[in-house]
Amino acid sequence: MTRIRARTLAALVVAVVASALAPDPARGQAVLNMGLVPGEDPRVMINDNQALLDHLQKSLRMEVKPFVATDYNGVIEALRSKRLDIALLGPFSYVLATTVADVEAFALLETEKQGATYRSVIIARKDHGVRGLKDLAGRTFAFVDPSSTSGHLFPKAGLIKAGYDPDTYFSRVIFSGGHDASAIAVQNGKVDGAAIADALLDVAYSRGMLKQDEVAVVWTSDPIPGAPVAYRRDLPADLKARIRASFAQIQNMPWGPKTTIKRWVPTDDAAYDGVRETAKLLHLDLKKMK
């Protein structure tokens, strides 16, 4: 009888301990895996977003693990395979992600320098004799990534609208892999011109990657909807609500060496229909680009 009571007591202790260690359903999962698109070197990306990561970890009371892939599709694939729960994406990489993963944009970034929209620019070295798009004929050029909105999609559409075939207009085209890499390629004379986001152009100037007096902006796009943050639709509803609330709390947060996140503005999937229309202009089959 005593042995039975002892075994019963031991079982109760184990059950209590297991219950204490189990995740609280009200708080959801213990780790939030967050993807960052490779706009710059991965170490720089994580360092620039550290204040955001720390805020999310504190407000959500859960570990937040950052992930920077080698290219945009790496983040998209990680969302599709559910290895990521949330990701900061470019506008086009978000639209691309929606074709292969059940994700939804819920907020977009505003900084003290950039509102809810931004622009793509094409830059060139002044000493290479480039003053406009017409001067880039037969020259070398750098796009960022096939899935980059400001580093590929919009500038390519801009060239088409200007009457130039981007597939034949340049003597050589490279994909640099990052806006910073494109800036450096122009500065070092590796390419004659490159497409880059206007905000990241300012960052390149501030970090000394580009010398402003040596570079000309030869084309500027129409406004592009800002970079969204998106989560998987299948996350628990309470967790998604907490994530939205956490982003809504952010005001005047440091982001990189000389940028401040003013706030995150609520958004939705429909805000990116203009990006989808631009993809149609380029005859892009989004489902084949994953």
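Values below: all heavy atoms of this structure, side chains included; hydrogens, waters and symmetry mates excluded.
- Partner of Val229 under the side-chain contact (heavy atoms from CB on, under 4.5 Å) criterion, out of Leu108, Ile86, Leu52: Ile86 alone.
- Under a hydrophobic clustering in which Ile, Leu, Val, Met, Phe, Trp and Tyr are joined whenever their side-chain heavy atoms come within less than 4.5 Å, directly or via other members, Trp264 and Leu36 fall into the same cluster.
- Side-chain contact between Phe175 and Pro146 is present, with at least one heavy-atom pair separated by less than 4.5 Å.
- A donor-acceptor pair under 3.5 Å links the side-chain atoms of Asp268 to the main chain of Ala271, judged by distance alone.
- Between the side chains of Gln187 and Glu214, at least one donor-acceptor pair of N or O atoms lies under 3.5 Å.
- Under the side-chain contact (heavy atoms from CB on, under 4.5 Å) criterion, Ala142 pairs with Ile174, Ser182, Val191, Ala194, not counting sequence neighbours.
- The CG atom of Leu239 sits 6.5 Å away from the CG atom of Leu32 when rounded to the nearest 0.5 Å.
- Formation of a donor-acceptor pair under 3.5 Å by the Arg263 side chain with backbone atoms of Gln251 is not found in this model.
- Between the side chains of Asp48 and Trp255, no donor-acceptor pair is found at a separation under 3.5 Å.
- A donor-acceptor pair is defined here as one N or O able to donate and one able to accept, closer than 3.5 Å; such a pair exists between the side chain of His179 and the backbone of Ala197.
- Every residue two or more places apart in sequence or in another chain was checked for a ring-ring contact (aromatic ring centres under 6.0 Å, His included) with Phe154, and none qualifies.
- The one candidate from Glu104, Arg244, Lys240 that meets the side chain to side chain donor-acceptor pair (under 3.5 Å) condition with Tyr231 is Arg244.
- Here OH of Tyr164 is found 8.5 Å from CG of Leu159. Values are rounded to the nearest 0.5 Å.
- Both Ile160 and Val144 are assigned to one and the same hydrophobic cluster, defined by single-linkage of ILVMFWY side chains at heavy-atom distances under 4.5 Å.
- The side-chain heavy atoms of Leu153 and Ser148, taken from C-beta on, include no pair separated by under 4.5 Å.
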Candidate pair Asp213 and Lys211, rule salt bridge (charged side-chain N to carboxylate O under 4.0 Å, His left out), full reasoning = CA-CA 6 Å; Asp213 60 346; Lys211 296 180 181 178; over 6 Å; no

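- When hydrophobic clusters are built by joining Ile, Leu, Val, Met, Phe, Trp and Tyr residues whose side-chain heavy atoms come closer than 4.5 Å, directly or via intermediates, Val265 is grouped together with Leu89.
- A heavy-atom distance below 4.5 Å is not found between the side chains of Val217 and Asp198.
- Taking the ring-ring contact (aromatic ring centres under 6.0 Å, His included) definition, one finds that Tyr272 meets it with Tyr94, sequence neighbours left out.
- Scanning both residues, Val64 and Gln57, for their nearest heavy atoms gives N-OE1, 2.9 Å.
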Salt bridge (charged side-chain N to carboxylate O under 4.0 Å, His left out) between Asp192 and Arg172, intermediate numbers included = CA-CA 10 Å; Asp192 297 302; Arg172 182 171 63 92; over 6 Å; no

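- Looking at Thr260 and Asn252, their side chains never bring a donor and an acceptor atom within 3.5 Å of each other.
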task = For the pair Asp102 and Arg80, evaluate salt bridge (charged side-chain N to carboxylate O under 4.0 Å, His left out) and give the outcome as yes or no after the intermediate values.
result = CA-CA 7 Å; Asp102 193 15; Arg80 188 198 66 77; over 6 Å; no

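- Within the 3.5 Å criterion, the main-chain N or O of Gly74 finds a donor-acceptor partner in the side chain of Asp71.
- The closest side-chain heavy-atom distance from Arg242 to Met62 is below 4.5 Å.
- Put simply, the side chain of Met253 does not reach to within 4.5 Å of the side chain of Lys262, judged on heavy atoms.
- For Lys126, the NZ atom counts as densely surrounded, since its 6.0 Å shell holds more than 12 non-hydrogen atoms of other residues, nucleotides or ligands.
- For the side-chain contact (heavy atoms from CB on, under 4.5 Å) with Leu79, the qualifying choice from Asn33, Asp85, Leu84, Thr98 is Leu84, the only one to do so.
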request  = Decide side-chain contact (heavy atoms from CB on, under 4.5 Å) for Ile261 and Leu109; before the verdict, give the C-alpha distance in whole Å, the side-chain angles of both, and the deciding distance to 0.1 Å.
outcome  = CA-CA 7 Å; Ile261 296 175; Leu109 180 69; 3.5 Å; yes

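- Cluster annotation: Val173 and Leu133 are assigned to the same hydrophobic cluster (Ile/Leu/Val/Met/Phe/Trp/Tyr, side-chain heavy-atom contacts under 4.5 Å, transitive).
- Residues satisfying the side chain to side chain donor-acceptor pair (under 3.5 Å) test with Asp135, not counting sequence neighbours, are none.
- Identified under the salt bridge (charged side-chain N to carboxylate O under 4.0 Å, His left out) test for residues 159-170, with sequence neighbours left out: Lys156-Asp167.
- Residues Arg232 and Lys82 have side chains in contact (heavy-atom distance under 4.5 Å, counting atoms from C-beta outward).
- For the pair Arg125 and Val130, the minimum side-chain heavy-atom distance is 4.5 Å or more.
- The ring-ring contact (aromatic ring centres under 6.0 Å, His included) check on Phe141 picks up Phe143, Phe170, with sequence neighbours excluded.
- Both Ile250 and Leu88 sit in one connected hydrophobic cluster of ILVMFWY residues. Membership requires side-chain heavy atoms under 4.5 Å apart, directly or through other members.
- Defined by atom type and a distance below 3.5 Å, a donor-acceptor pair is missing between the side-chain atoms of Ser150 and Ser120.
- Outside the 6.0 Å centre-distance limit, the rings of Phe92 and His152 are not counted as a close aromatic pair.
- Between Asp180 and Val203, the closest side-chain pair of non-hydrogen atoms is not below 4.5 Å.
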